[in-house]
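Heads up: the structure comes next, in structure tokens.
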Number of protein chains: 2
Amino acid sequence: MARTPQDVTETELSILNQLWDLESATVRQLVDILHPDGGSSEYATVQKLLERLQSKKYVTRNRDVWPHVFEATVGRDELIGRRLQNTADQLCNGSLQPLITNLVRSKKLSTDELQSLREYLDELDDQNT
Amino acid sequence: MARTPQDVTETELSILNQLWDLESATVRQLVDILHPDGGSSEYATVQKLLERLQSKKYVTRNRDVWPHVFEATVGRDELIGRRLQNTADQLCNGSLQPLITNLVRSKKLSTDELQSLREYLDELDDQNT
DNA sequence: TGCGTTTCAGACATTCTGTCTTTAATCTAG
DNA sequence: CTAGATTAAAGACAGAATGTCTGAAACGCA
């Protein structure tokens, strides 16, 4: 009964992605990008999506200007972090460690990426001393 | 229109979690664990959940024995991997690197965990030489 | 003032999800 | 072998999520 809705839907994400790129945007701007050849119905769709993003606190709307301007309140990094924590909560008792292990062991990282990861760890060490 | 349903629902996950622990189980076993004081309706619910997990290829059902025995076909690690890749696909153009960066930078890892991560990287290095 | 744009409110069809009921099949104890 | 119990199978159901769309009201500007 108590379903847990997605934090952000894929369609909603397509909007967030634009907002991250543009810093801020009006409905019109978003529609022109997402539906270059769209009619008035897609306009309303984007509007509705923004409305929902707003009620989910992922977006703010500035009513002081006209037309209204929208802005993301959550950065891409933060959303990534939430998703990772979600996955950890559901599959690893909340621990993030297994996620890292999984990623490193996945063999999908290039040696360059592994190298830069090591360097990052070194940096952290330096800061801690 | 093309909604993308969750890979595995939270309720479905509660079942998968048991199957991972038990290796295999009958409906009855799962019900007794998940709904110790449940009636016949929860039994049917678990049944339906298993049925759906099966159609999603996350579970197999052995019809040769009676009662039927269910088994997870996907390990916890694999599911973690899929979720991570999903997140990467939706938020990082498919690259896993940003996920690691995010995790390491999240400050939610203990020094012990960071240490063991470093050791793991060392191991990988050894194997590659 | 009139017209085009924007905002707002809400309807709508689908699908998902968890739950439940009912009926048929199967096993087992006596 | 039969009755009682357990399991399997099929499907109904309500509530919510989702993406889309319609229509009317509000607004700014030529």
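In what follows, chains are A, B, ... by sequence order, proteins preceding strands, each numbered from 1.
Side-chain N/O atoms of Thr9(B) include one lying less than 4.0 angstrom from OP1 or OP2 on dG18(C). Here Arg28(B) reaches the OP1 or OP2 of dT7(D): one of its side-chain N or O atoms lies under 4.0 Å away. Contact between the side-chain N/O atoms of His68(A) and the OP1/OP2 oxygens of dT7(C) is found at a separation under 4.0 Å. Not one side-chain nitrogen or oxygen of Tyr43(B) sits closer than 4.0 Å to the OP1 or OP2 atom of dT19(C). Between Arg63(B) and dA9(D) there is a side-chain polar atom (N or O) within less than 4.0 angstrom of OP1 or OP2. The phosphate of dG19(D) (OP1 or OP2) has a side-chain N or O of Thr11(A) nearer than 4.0 angstrom.
Connection of Leu34(B) to Val69(B) is not established within any shared hydrophobic cluster, with ILVMFWY side chains joined at heavy-atom distances below 4.5 Å, either directly or through further cluster members.
Computed from coordinates, the Gln47(B) CD to dG18(C) C1' distance equals 14 Å when rounded to whole Å. Atom-to-atom, CD of Glu10(B) to P of dT17(C) comes out at 12 Å; the value is rounded to the nearest Å. Between the CG atom of Leu50(A) and the P atom of dT18(D) there is a distance of 16 Å, given to the nearest Å. To the nearest angstrom, P of dG18(C) lies 8 Å from NZ of Lys56(B). What separates CG of Leu49(B) from P of dT17(C) is a distance of 10 Å, to the nearest Å. Between Gln29(B) atom CD and dT7(D) atom C1' there is a gap of 14 Å when expressed in whole angstrom units. Rounding to whole angstrom units, CG of residue Asp64(B) and P of dT7(D) are separated by 18 Å. A straight line from CG of Leu53(B) to P of dT17(C) spans 11 Å, rounded to a whole angstrom.
Closest approach to the Lys48(B) side chain among dG11(D), dA8(D), dT6(C) is made by dG11(D) (side chain taken as heavy atoms from C-beta onward). The listed nucleotides are dC27(D), dA8(D), dT19(C); the one nearest the side chain of Trp66(B) is dA8(D). The listed nucleotides are dT7(C), dC20(C), dG19(D); the one nearest the side chain of Arg52(A) is dG19(D). Side-chain atoms of Gln6(B) lie closest to dT17(C) of the nucleotides dC21(D), dT7(C), dT17(C).
Asn17(A) contributes a side-chain N or O that, together with a main-chain N or O of Leu13(A), makes up a donor-acceptor pair within less than 3.5 Å. Listed for the Gln127(B) side chain is no donor-acceptor partner under 3.5 Å among the backbone atoms of Leu124(B).
Summarising the local packing, NZ of Lys56(A) is surrounded by more than 12 heavy atoms from other residues, nucleotides or ligands at distances under 6.0 Å.
Within 4.0 Å (heavy atoms only), Glu51(A) reaches no atom of the nucleic acid at all.
Between the side chains of Asp89(A) and Gln85(A), a donor-acceptor pair is found at a separation under 3.5 Å.
Mapping Val69(A) and Asp7(B) onto DNA chain C by nearest heavy atom places Val69(A) at the nucleotide closer to the 5' end.
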